[in-house]
Amino acid sequence: MQENNSDYPQKKPRRQRKDISAWEQTLRWLDARWYSESKLREKLNRLAYGVDEIEEVLNKCREYNLVNDAALAEEFARSQSSRGRGSRRIACELYRHGLTGDAARSAIEKITGNDAQAAQSALQSKLSGWKNQPDWRKRREKAFQFLARRGFPLDIIYSALDEEPTLNGNMFED
């Protein structure tokens, strides 16, 4: 067992990236993937850059159009919608990625009209897996849970379930 000895540190101390400017570090991050303005601010804060330096970098990013929260939110929402995710889940994911306010609201409004179609296509992809379930009520319950996990609103879920004949049985049959 390793003792708490100075020869064997438990954790490496977080080194401050003062050898790299905040602008250079931001460009490295943005070269790998897109970030929202709030996520960049958070990442730069973690590396202990000064508040003035962070604001200067973010202003420069806006000037060169390297950070555009509205475009990022719209593209993210569109890609998630095409993957069969509902507007409620997409809104939560946008929030998690630091995209809030008008940018997120606008992106959600643009994809909300596609919710019914996305729910129907997501449901169609799963129906073949439930075909061996003899009880239509169990199939309907599974379908409901599946669409709810995907983040679709209740009215969209119920209309998608009602449109699918394999999920609606005769209530009087045994």
- Under the salt bridge (Lys or Arg N to Asp or Glu O under 4.0 Å) criterion, do Glu63 and Lys60 qualify, and how do the steps go? CA-CA 5 Å; Glu63 179 184 334; Lys60 208 184 257 191; over 6 Å; no

- Query: Just how far is it from atom CZ of Phe146 to atom CG of Leu123, taken to the nearest 0.5 Å?
  - Reply: 7.5 Å

- Message: Is there a continuous path of hydrophobic side-chain contacts, each under 4.5 Å between heavy atoms, that joins Tyr35 to Trp23?
- Response: yes

- Should Val51 and Leu58 be counted in the same cluster of Ile, Leu, Val, Met, Phe, Trp and Tyr side chains packed under 4.5 Å apart? no

- Task: Please check if atom NZ in Lys126 has more than 12 non-hydrogen atoms from other residues, nucleotides or ligands closer than 6.0 Å.
- Result: no

- Task: Spell out, yes or no, whether Leu44 and Ile20 are grouped together once hydrophobic residues are joined by side-chain heavy atoms under 4.5 Å, including indirect joins.
- Result: yes

- One should read off an interatomic distance between Arg85 CZ and Ser79 OG, to the nearest 0.5 angstrom, of 9.0 Å

- Message: Main chain of Leu99, side chain of Ser36: is a donor-acceptor contact present, judged purely on distance under 3.5 Å?
- Response: no

- So CD1 of Ile54 and CG of Leu40: to nearest 0.5 Å the spacing works out to 10.0 Å

- Other residues, nucleotides, ligands: >12 heavy atoms within 6.0 Å of Gln117 CD: no

- Query: Side chains of Glu93 and Arg96: closer than 4.5 Å at any heavy-atom pair?
  - Reply: yes

- Got a second to check how far Cys61's SG is from Arg41's CZ, nearest 0.5 Å? 10.5 Å

- Item | Taking every non-hydrogen atom, the tightest pair across Ser81 and Ala118 | O-CB, 4.0 Å

- Message: Donor-acceptor pair, distance only, cut-off 3.5 Å: does the side chain of Thr26 make one with the backbone of Ala22?
- Response: yes

- Query: Any side-chain heavy atom of Pro153 within less than 4.5 Å of one from Ile156?
  - Reply: yes

- Query: Are Leu127 and Tyr158 joined in one hydrophobic group, where the rule is that I, L, V, M, F, W and Y side chains link up if heavy atoms are under 4.5 Å apart?
  - Reply: yes

- Message: Tell me if the CZ atom of Arg83 is crowded by more than 12 foreign heavy atoms within 6.0 Å.
- Response: no

- Gap between atom CD1 of Ile157 and atom CG of Asp162 - 0.5 Å precision: 11.5 Å

- Query: Quick one: does Asn59's side chain have a donor or acceptor within less than 3.5 Å of a partner on Glu55's backbone?
  - Reply: yes

- Query: How long is the span from the OH atom in Tyr49 to the CD atom in Gln25, to the nearest 0.5 Å?
  - Reply: 5.0 Å

- Task: Not counting sequence neighbours, which residues clear side-chain hydrogen bond (donor to acceptor under 3.5 Å, both in side chains) with Gln120? List them please.
- Result: none

- For the residue pair Ala122 and Gly84, what are the closest heavy atoms and their distance? CB-O, 4.2 Å

Donor-acceptor list for residues 65-72 side chains, cut-off 3.5 Å, not counting sequence neighbours:
from	atom 1	to	atom 2	distance (Å)
Asn68	OD1	Ala70	N	3.4
Asn68	OD1	Ala71	N	3.3
Asp69	OD1	Glu37	N	3.1

- Message: I'd like to know if Tyr95 and Ile108 are part of one continuous hydrophobic network [Ile/Leu/Val/Met/Phe/Trp/Tyr, side-chain heavy atoms within less than 4.5 Å].
- Response: no

- Not counting sequence neighbours, which residues clear side-chain hydrogen bond (donor to acceptor under 3.5 Å, both in side chains) with Glu24? List them please. none

- Report yes or no: does Ser106 contribute a side-chain atom to a donor-acceptor pair with the main-chain N or O of Asp102 at less than 3.5 Å? no

- Do Glu164 and Arg140 sit within salt-bridge range, that is, some charged N less than 4.0 Å from a carboxylate O? no

- Item | Under-4.0 Å salt bridge between Glu74 and Arg78 | yes

- Task: Can you establish whether the number of heavy atoms outside Arg88 located under 6.0 Å from its atom CZ is more than 12?
- Result: no

